[in-house]
Amino acid sequence: MQIVDAQIHLWTNDKAPPHHRQAPFLMDDALRGMDAAGVDKAINCPAIWDSESNAYAVTAARLHPDRFATLGWFNLLRKPDQKFLDDFVAQPGMLGLRFILATKENQDLFAAGKLDWIWEGADRLGIPVGFMLPVSMYEHLAAVATRYPRMRVLIDHLGVSPFLKIPEATAHIDAMLLLAAHPNIAVKATGMPSMAPDAYPFASTHSVLQRVFEAFGPRRLFWGTDITRVSPSWRECIQLFSEKLPWLTGDDLELVMGVAVRDWVGWS
């Protein structure tokens with residue numbers, strides 16, 4: 001079974017927020033952990049706290065094209081520029097984009113359609129775009145997914161905040177499951193241990209994962225870790241899905257653990 005981590009962060013500075021490891025997380029750090037656990041590939045979402053993270057992601061993908069691919073980011077306040085977008089995603093290993101809509105300014109831009117030039121470009125290119133955004137933005141995300149059907153949307157961490165525990169952490173799940181009606185929206189089951197009030201194997205998360213699986217199916221639910229902010233090891237994160245979820249087996253397990261996300265982001 002090929003195992004692809006749907007989200008990690010690589011960075012080179014010491015500016016990580018408190019909920020992530022504080023030391024830089026370099027490509028060699030990731031490769032050691034991946035090799036030890038049996039992770040074949042990882043999709044790097046360059047850390048937003050490192051202004052050089054996109055350039056570092058390109059270097060990692062160029063040196064290890066069979067191990068790393070990238071969903072890059074840029075400042076959403078920049079002027080619309082389709083040539084910039086084309087050149088940005090033409091970089092080695094840059095399969096698509098990923099943005100965090102955490103500030104009111106960025107959320108207002110999204111709601112007002114001021115970022116549509118990005119989604120238009122992604123639709124034209126047929127590339128994936130990842131989002132970390134609050135439940136209040138789901139209606140706008142659904143509208144964008146409808147308008148741009150060739151843009152393949154990914155929702156980070158099942159939409160769960162890294163700062164909340166169950167049950168507060170999953171209060172949005174019903175709203176998120178409605179997004180499954182859009183065939184170009186998928187979800188990443190990354191960072192799951194952070195929402196669990198209990199210890200490994202995090203039984204409190206299992207029913208949540210099953211509900212999302214039943215709504216989105218094995219081709220639109222992707223295993224991953226966000227390894228620099230979770231307590232279990234990479235191997236334990238694998239075993240959580242491969243051994244502790246009795247309803248996830250066979251072809252469905254292989255899809256969730258790597259095949260489906262590679263197809264979604266176009267990592268051939």
Side-chain angles (χ1 to χ4, degrees), residues 1-10 27 30-31 34 39-48 53-54 56-74 85-101 118-133 141 144-145 148-159 179-180 182-191 212-213 216-227 237-238 241 251-268:
M1 179 171 65
Q2 185 172 83
I3 298 177
V4 181
D5 196 322
Q7 180 166 325
I8 68 167
H9 302 296
L10 299 179
M27 66 182 87
L31 288 170
M34 291 163 64
V39 177
D40 297 288
K41 302 174 184 293
I43 298 172
N44 175 26
C45 297
I48 62 169
S53 61
N54 283 298
Y56 189 69
V58 169
T59 299
R62 184 186 291 118
L63 291 175
H64 304 282
D66 58 335
R67 308 300 302 275
F68 298 117
T70 310
L71 300 181
W73 62 275
F74 51 79
L85 181 59
D86 290 353
D87 291 344
F88 186 83
V89 299
Q91 298 177 92
M94 193 71 71
L95 299 182
L97 306 168
R98 183 237 181 196
F99 300 105
I100 298 177
L101 300 179
I118 304 174
W119 325 139
E120 289 168 3
D123 187 72
R124 172 174 52 82
L125 296 169
I127 60 173
V129 181
F131 291 92
M132 188 170 177
L133 75 178
L141 184 64
V144 166
Y148 304 109
R150 295 186 68 247
M151 181 179 83
R152 297 187 302 281
V153 174
L154 303 100
I155 298 175
D156 286 5
H157 315 320
L158 303 190
L179 297 175
H182 300 269
N184 59 328
I185 296 182
V187 291
K188 296 186 289 188
T190 46
V212 178
F213 173 81
F216 284 88
R219 295 189 179 276
R220 292 192 291 149
L221 173 65
F222 311 137
W223 172 86
T225 63
D226 203 11
I227 192 65
C237 289
I238 293 171
F241 277 63
D251 291 345
D252 287 348
L253 178 63
E254 291 200 17
L255 285 165
V256 170
M257 295 303 294
V259 173
V261 75
R262 283 190 65 188
D263 290 345
W264 195 261
V265 302
W267 193 357
S268 60

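- When every heavy atom of Leu85 is checked against every heavy atom of Ala122, the shortest pair comes out as CD2-N, 4.2 Å.
- A pairwise comparison of heavy atoms in Trp267 and Val4 identifies CZ3-CG1, 4.3 Å as the closest pair.
- Taking a cutoff of 4.0 Å between a charged side-chain nitrogen and a carboxylate oxygen, Lys188 and Asp156 qualify as a salt bridge.
- Residues in residues 252-262 take part in these side chain to side chain donor-acceptor pair (under 3.5 Å) pairs, two or more places apart or across chains: Gln2-Arg262.
- In this structure, Thr190 contributes its side chain and Thr225 its backbone to no donor-acceptor pair below 3.5 Å.
- Atom CG of Leu71 and atom CG of Leu95 lie 6.5 Å apart (nearest 0.5 Å).
- Counting only heavy atoms from C-beta outward, the side chains of Leu158 and Leu221 approach each other to under 4.5 Å.
- Residues His9 and Asp226 meet the side-chain proximity criterion, which asks for heavy atoms closer than 4.5 Å.
- Interatomic distance, CG of Asn44 versus CE of Met94, reported as 8.5 Å (0.5 Å rounding).
- Between Met257 and Ile238, some side-chain heavy-atom pair lies under the 4.5 Å cut-off.
- Of all heavy-atom pairs between Pro92 and Arg62, the closest is CG-NH2, 3.9 Å.
- The shortest distance between side-chain heavy atoms of Trp223 and Val39 falls below 4.5 Å.
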Gln7 vs Ile43, side-chain contact (heavy atoms from CB on, under 4.5 Å): CA-CA, chis, key distance, verdict: CA-CA 5 Å; Gln7 180 166 325; Ile43 298 172; over 6 Å; no
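- Across Pro128 and Leu154, no two heavy atoms sit closer than the pair CB-CD1, 3.6 Å.
- Within 6.0 Å of the CG atom in Asp251, the count of heavy atoms belonging to other residues, nucleotides or ligands does not exceed 12.
- To the nearest 0.5 Å, atoms CD1 (Ile155) and CG (Leu179) are separated by 5.0 Å.
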Test side-chain contact (heavy atoms from CB on, under 4.5 Å) on Val259 and Met1; report intermediate values, then the result. CA-CA 9 Å; Val259 173; Met1 179 171 65; over 6 Å; no
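- Rounding to the nearest 0.5 Å gives a distance of 7.5 Å between OH of Tyr56 and CZ of Phe68.
- A donor-acceptor contact shorter than 3.5 Å is absent between the side chain of Asn54 and the backbone of Pro46.
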Working for side-chain contact (heavy atoms from CB on, under 4.5 Å), residues Val187 and Arg220: CA-CA 6 Å; Val187 291; Arg220 292 192 291 149; over 6 Å; no
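- Side-chain atoms of Ser53 and Ile48, non-hydrogen and from C-beta on, never get closer than 4.5 Å to each other.
- Proximity of Arg98 to Met132: side-chain heavy atoms (C-beta onward) are separated by under 4.5 Å at one or more points.
- Below 30°, between 30° and 60°, or above 60°: for Phe88 and Phe74 the angle between ring planes is above 60°, a perpendicular geometry.
- Asp40 places a side-chain N or O within donor-acceptor distance of the main-chain N or O of Ile3, the cut-off being under 3.5 Å.
- Counting heavy atoms from C-beta outward, Val89 and Leu125 have side chains that approach closer than 4.5 Å.
- Tyr148 places no side-chain N or O within 3.5 Å of a backbone atom of Gly121 that could act as its donor or acceptor partner.
- Judged by distance alone, the side chain of Asn184 and the main-chain N or O of Arg150 form no donor-acceptor pair under 3.5 Å.
- Taking the six-membered ring where tryptophan is involved, the planes of Phe222 and Trp264 are tilted, since the angle between them lies from 30° to 60°.
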Under the criterion side-chain contact (heavy atoms from CB on, under 4.5 Å), I'd like the reasoning laid out for Thr70 against Leu10: C-alpha separation, chi angles, the key distance, then a yes or no. CA-CA 10 Å; Thr70 310; Leu10 299 179; over 6 Å; no
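- Atoms CE and CG, on Met34 and Asp5 in that order, are 7.5 Å from each other to the nearest 0.5 Å.
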